[in-house]
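Quick notes on the structure that follows.
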Amino acid sequence: MKESMSSVDVAAIVIELQELLGVRLVKAYQPGREEIRLKLHHKGSLDLIIEAGKKIHLTKYKRASPRMPSNFAMYLRKHLSGARIAQIRQLDFDRIVEITIERWDKKLRLIVELLPRGNIVVVDEDGTILLPLRRKSFASRKIKVGEKYERPPSRANPLTMSESDLMNLCKRDKDIASVLASELSFGGLYAEEVCAKAGIDKRMRADALTATEINAIHETIHTLFEPIITNDQSKLKAHIVIEGEDKIDFVPFELSRYENKEKQFFPSLNDAADEYFTTQIAEVVEEQAKSEHDTVIGKYERILNEQLEALHKFKL
């Protein structure tokens, strides 16, 4: 079961989020430790959910907000309320989204890192960090107020890579699926899909591929991801993949891996992601409620048993 968005998901989501350009921000909330919600003045009352290290998508579902807003939420309200979204873009093919927000008195960027140990960072026009959701330090960068924002180390962009660049990348003593998954940020699912559609054994060593086979992989990448490369939302076929009673994945277009699985189609990947993650949240809440209920029942059962035992001893 998928827990966070892939680079492919992010690319498709960003295409759909272009409809938000010019939209005004109304308010910001922080309902969870890693999650913020931006209330938008757009088609009624849609919220943009951003969860560090996990997801970004529009939602039609409401969620209770804390009675007291967090410092981060208060900062966003102070500096972003009334501003308009000027640009939304994915940085290369990374799981990083940059949202440029403009107001009459300032222009800021909200950097959304959806990588593991990701963050949400507010930076000024010069790229100086004004406030991060979490202050963190890594070997190659520091996420703290006053520092210049530095992205995590980036990998090659497979959607703009030339065939000769791909050929150089394949000069590795690793299987081709691993090269595509790690070096091109495809992840296992899409790496194996590319291999299958190109007619290449995913276990084949990358440095053993012929020029013809590398050409097939390069062409397959451009064919498979054409809707994303051309920013053509009409060619996306967003859906949730269902196995038994479980929703196991959501994807922007049909994949051979899920050919025989049950599917639930949606008008957009935003809708599919919203339904998928909201279902996950509902299941977690239900499980927590059941656990709390069982704990309370167990407590009273112990008290009752202790009282019955005491009564039995009293009668003796």
Side-chain angles (χ1 to χ4, degrees), residues 1-13 15-16 31-35 37 46-47 49-64 95 114-116 118 175 177-178 180-182 185-203 220 223-225 227-228 233 235-298:
M1 182 178 291
K2 178 157 67 180
E3 299 291 338
S4 60
M5 288 184 166
S6 68
S7 294
V8 178
D9 297 328
V10 173
I13 286 284
I15 291 174
E16 295 178 353
R33 186 175 184 276
E34 303 290 336
E35 178 186 324
R37 285 187 174 220
L46 277 179
D47 291 349
I49 290 183
I50 301 171
E51 186 172 353
K54 188 169 183 178
K55 63 185 180 181
I56 177 171
H57 61 84
L58 292 169
T59 181
K60 60 180 181 291
Y61 294 103
K62 299 304 174 187
R63 185 176 174 184
R95 284 177 286 173
L114 302 175
L115 302 148
D175 64 79
S178 296
L180 297 177
S182 60
S185 302
F186 276 142
L189 176 67
Y190 290 98
E192 291 183 14
E193 184 74 13
V194 168
C195 290
K197 290 189 178 300
I200 307 294
D201 186 338
K202 66 181 182 181
R203 296 164 297 184
T220 298
T223 300
L224 180 61
F225 298 104
I228 292 173
Q233 187 177 341
K235 292 183 179 180
L236 298 176
K237 295 183 67 177
H239 59 279
I240 289 175
V241 181
I242 302 170
E243 187 173 67
E245 297 182 356
D246 298 324
K247 296 175 179 177
I248 62 171
D249 202 351
F250 65 91
V251 290
F253 37 72
E254 293 188 274
L255 302 174
S256 57
R257 162 79 72 87
Y258 298 137
E259 184 177 0
N260 298 317
K261 300 291 185 185
E262 182 183 350
K263 303 176 183 68
Q264 181 182 2
F265 288 88
F266 291 84
S268 70
L269 193 63
N270 271 279
D271 290 324
D274 190 20
E275 186 67 26
Y276 180 87
F277 285 119
T278 300
T279 300
Q280 278 191 348
I281 293 170
E283 288 173 350
V284 169
V285 170
E286 183 180 350
E287 186 62 33
Q288 288 175 342
K290 183 179 183 300
S291 177
E292 291 172 4
H293 176 269
D294 291 345
T295 299
V296 171
I297 293 296

- prompt: Do Lys235's NZ or CZ and the ring of Phe253 fall within the cation-pi criteria of under 6.0 Å and 45°?
  reply: no
Hey, does [Y] have a side-chain heavy atom less than 4.5 Å from the side chain of [X]?
X	Y	result
Leu114	Ser4	no
Gln233	Pro252	no
Asp274	Leu58	no
Ile49	Tyr61	no

Between [X] and [Y], is there a donor-acceptor pair closer than 3.5 Å when you use the side chain of the first and the backbone of the second?
X	Y	value
Asp175	Ala177	yes
Asp9	Ser6	yes
Gln264	Ile242	no
Glu16	Asn270	yes

Less than 4.0 Å between a side-chain N and a carboxylate O, is that true for [Y] and [X]?
X	Y	answer
Lys2	Asp249	yes
Arg257	Glu193	no
Glu34	Lys54	no

Which heavy atom of [X] sits nearest to which heavy atom of [Y], and what is that distance?
X	Y	result
Ala52	Gly118	CB-O, 3.7 Å
Glu259	Lys263	O-NZ, 3.2 Å
Leu180	Cys195	CD1-SG, 4.0 Å
Leu189	Val251	CD2-CG1, 4.3 Å
Phe186	Ala191	CB-N, 3.9 Å
Ala11	Ile228	CB-CG2, 3.6 Å

message: Going by salt bridge (Lys or Arg N to Asp or Glu O under 4.0 Å), Glu254 matches just one of Lys237, Lys197, Lys261. Which one?
response: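 So the option named by the test is Lys237.
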query: Which is it for Tyr276 and Phe266 under the ring-ring contact (aromatic ring centres under 6.0 Å, His included) test, yes or no, and what are the steps along the way?
result: CA-CA 11 Å; Tyr276 180 87; Phe266 291 84; over 10 Å; no
Point-to-point distance, once rounded to the nearest 0.5 Å, from [atom1] of [X] to [atom2] of [Y]:
X	Y	atom1	atom2	value
Glu262	Ile248	CD	CD1	10.5 Å
Glu192	Leu255	CD	CG	11.0 Å
His239	Tyr258	NE2	OH	8.5 Å
Met1	Thr279	CE	OG1	9.5 Å
Thr278	Lys62	OG1	NZ	11.5 Å
Ile50	His57	CD1	NE2	10.5 Å

- request: Applying side-chain hydrogen bond (donor to acceptor under 3.5 Å, both in side chains), run through Asp47 and Thr59 and close with a yes or a no.
  value: CA-CA 5 Å; Asp47 291 349; Thr59 181; over 6 Å; no
